[in-house]
Amino acid sequence: MKAGSNDFYQKVYEVVAQIPEGKVTSYGAISRYLGVASGARMVGYALNNYLAADLGYHVPAHRVVNRLGQLTGRAYFGDDTMRERLEQEGVSFTEPYTVDMSRHFWDPATLTEV
DNA sequence: TCAGTGACCTGAA
DNA sequence: ATTCAGGCCACTG
C-alpha cells in the first residue's frame with residue numbers, strides 16, 4: 001500500500017459517508033469535489049478497495065453510481081444487494097439497475113452550502 | 001521497470 | 001441525436 005493516495009481514499013470514504021439516505025451521487029462529482037477532476041476512476045477504485053479492506057465504519061458505497069445512474073458496482077456488491085439497499089432507502093429506479101438521477105442525485109458540493 | 005487494467009467522464013465525428 | 005475514441009491516476013503482475 002502506498003502513502004499519499006491513501007489520503008485520497010480516505011477523502012472518498014468521508015464524502016460517501018456524508019451522502020444522505022435516499023440520495024445518490026456520481027464518481028465524477030466526488031472526484032471534482034476532491035479536486036481531482038480526472039480521477040473519477042480512482043473514486044471507484046477507492047470504493048473497491050474499501051469493500052476489500054473493510055475499514056470498520058459504514059460507508060454507503062451503494063449510493064455511489066455513475067453519471068448515468070447505473071449501478072455499475074452491483075457486480076462487486078453482489079448482484080441485487082446494491083439495488084435492494086437503495087430501494088430500502090426509498091430510491092426509485094427508472095430501470096431495473098438504473099437510479100432516477102433527476103430525483104435522487106446529490107452533489108458533494110452541497111456540504112459546503114449546508 | 002514496463003505494460004495492462006479499471007465501480008468513469010468528456011469531447012469529437 | 002447517437003456512437004467512437006481518448007484521457008485520466010493509481011494499482012497489480
Side-chain angles (χ1 to χ4, degrees):
Chain A
M1 44 188 78
K2 276 54 183 177
S5 58
N6 199 327
D7 185 57
F8 178 78
Y9 280 38
Q10 189 66 32
K11 284 272 201 172
V12 175
Y13 304 143
E14 287 287 320
V15 176
V16 175
Q18 302 311 312
I19 302 177
E21 283 191 17
K23 300 279 178 149
V24 295
T25 187
S26 63
Y27 305 92
I30 297 175
S31 59
R32 283 187 307 186
Y33 176 72
L34 295 180
V36 187
S38 307
R41 308 188 89 169
M42 275 57 270
V43 177
Y45 224 104
L47 295 177
N48 186 0
N49 186 25
Y50 154 70
L51 291 176
D54 190 357
L55 302 180
Y57 53 89
H58 180 231
V59 177
H62 58 272
R63 294 179 192 157
V64 184
V65 297
N66 67 352
R67 212 204 158 294
L68 301 177
Q70 297 175 211
L71 306 185
T72 49
R74 73 187 148 93
Y76 292 78
F77 262 92
D79 294 340
D80 290 274
T81 305
M82 196 171 183
R83 183 175 62 88
E84 298 224 353
R85 272 198 168 185
L86 289 172
E87 275 189 339
Q88 202 175 61
E89 296 179 358
V91 178
S92 56
F93 295 78
T94 58
E95 289 180 50
Y97 291 102
T98 304
V99 180
D100 192 342
M101 295 297 282
S102 50
R103 297 180 67 156
H104 299 285
F105 178 72
W106 177 84
D107 198 298
T110 310
L111 288 171
T112 59
E113 296 187 13
V114 174

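Numbers restart at 1 for each chain; the letters A, B, ... are given by sequence-line order, proteins then strands. We use all heavy atoms of the structure for the numbers below, so side chains are in, but hydrogens, waters and symmetry mates are not.
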Integer-rounded Å distance: dC11(C) P and N49(A) CG: 8 Å
Nearest-Å distance for atom pair CZ/P, residues F8(A) and dG6(B): 19 Å
Side chain to side chain donor-acceptor pair (under 3.5 Å) contacts touching residues 15-32 of chain A (sequence neighbours left out): Y27(A)-T72(A)
Identified side chain to side chain contact (heavy atoms under 4.5 Å, CB included) counterpart of V24(A) within the set D100(A), N66(A), L86(A): L86(A)
Common cluster, F93(A)/L68(A), ILVMFWY with side-chain heavy-atom separation under 4.5 Å: no
Residues that D80(A) engages under salt bridge (charged side-chain N to carboxylate O under 4.0 Å, His left out), provided they are two or more places apart: R83(A)
Value in whole Å for how far the P atom of dA10(C) lies from NZ of K11(A): 15 Å
Pairs satisfying side chain to side chain donor-acceptor pair (under 3.5 Å), at least one member in residues 35-48 of chain A, at least two apart: none
Sequence-aligned protein contact record of nucleotides 2-9 of chain C, with B where the base is within under 4.0 Å of a protein heavy atom and S where only the sugar-phosphate is: -----BBB
Flag side-chain contact, heavy atom, 4.5 Å: Y33(A) against V43(A): no
Separation of dT5(B) P from N48(A) CG (nearest whole Å): 17 Å
For S92(A), all residues meeting side chain to side chain donor-acceptor pair (under 3.5 Å), sequence neighbours excluded: H104(A)
For V36(A), all residues meeting side chain to side chain contact (heavy atoms under 4.5 Å, CB included), sequence neighbours excluded: F8(A)
Intra- and interstrand pairs of DNA chain B - dot-bracket, Watson-Crick/G-U under 3.5 Å, | marks other strand: .|||||.||||||
Neighbour count above 12 (heavy atom, 6.0 Å) for Q88(A) CD: no
Give me the distances for all protein-to-nucleotides 9-13 of chain B N/O pairs that come in under 3.5 Å?
{"from": "dC9(B)", "atom 1": "OP1", "to": "R67(A)", "atom 2": "N", "distance (Å)": "3.0"}
{"from": "dC9(B)", "atom 1": "OP2", "to": "R67(A)", "atom 2": "N", "distance (Å)": "3.1"}

Atom-pair distance (OH on Y50(A); C1' on dG6(B)), nearest Å: 20 Å
E89(A): side chain to side chain donor-acceptor pair (under 3.5 Å) partners, not counting sequence neighbours: H62(A), R63(A)
Results of side chain to side chain contact (heavy atoms under 4.5 Å, CB included) for T81(A) - residues two or more places apart only: F77(A)
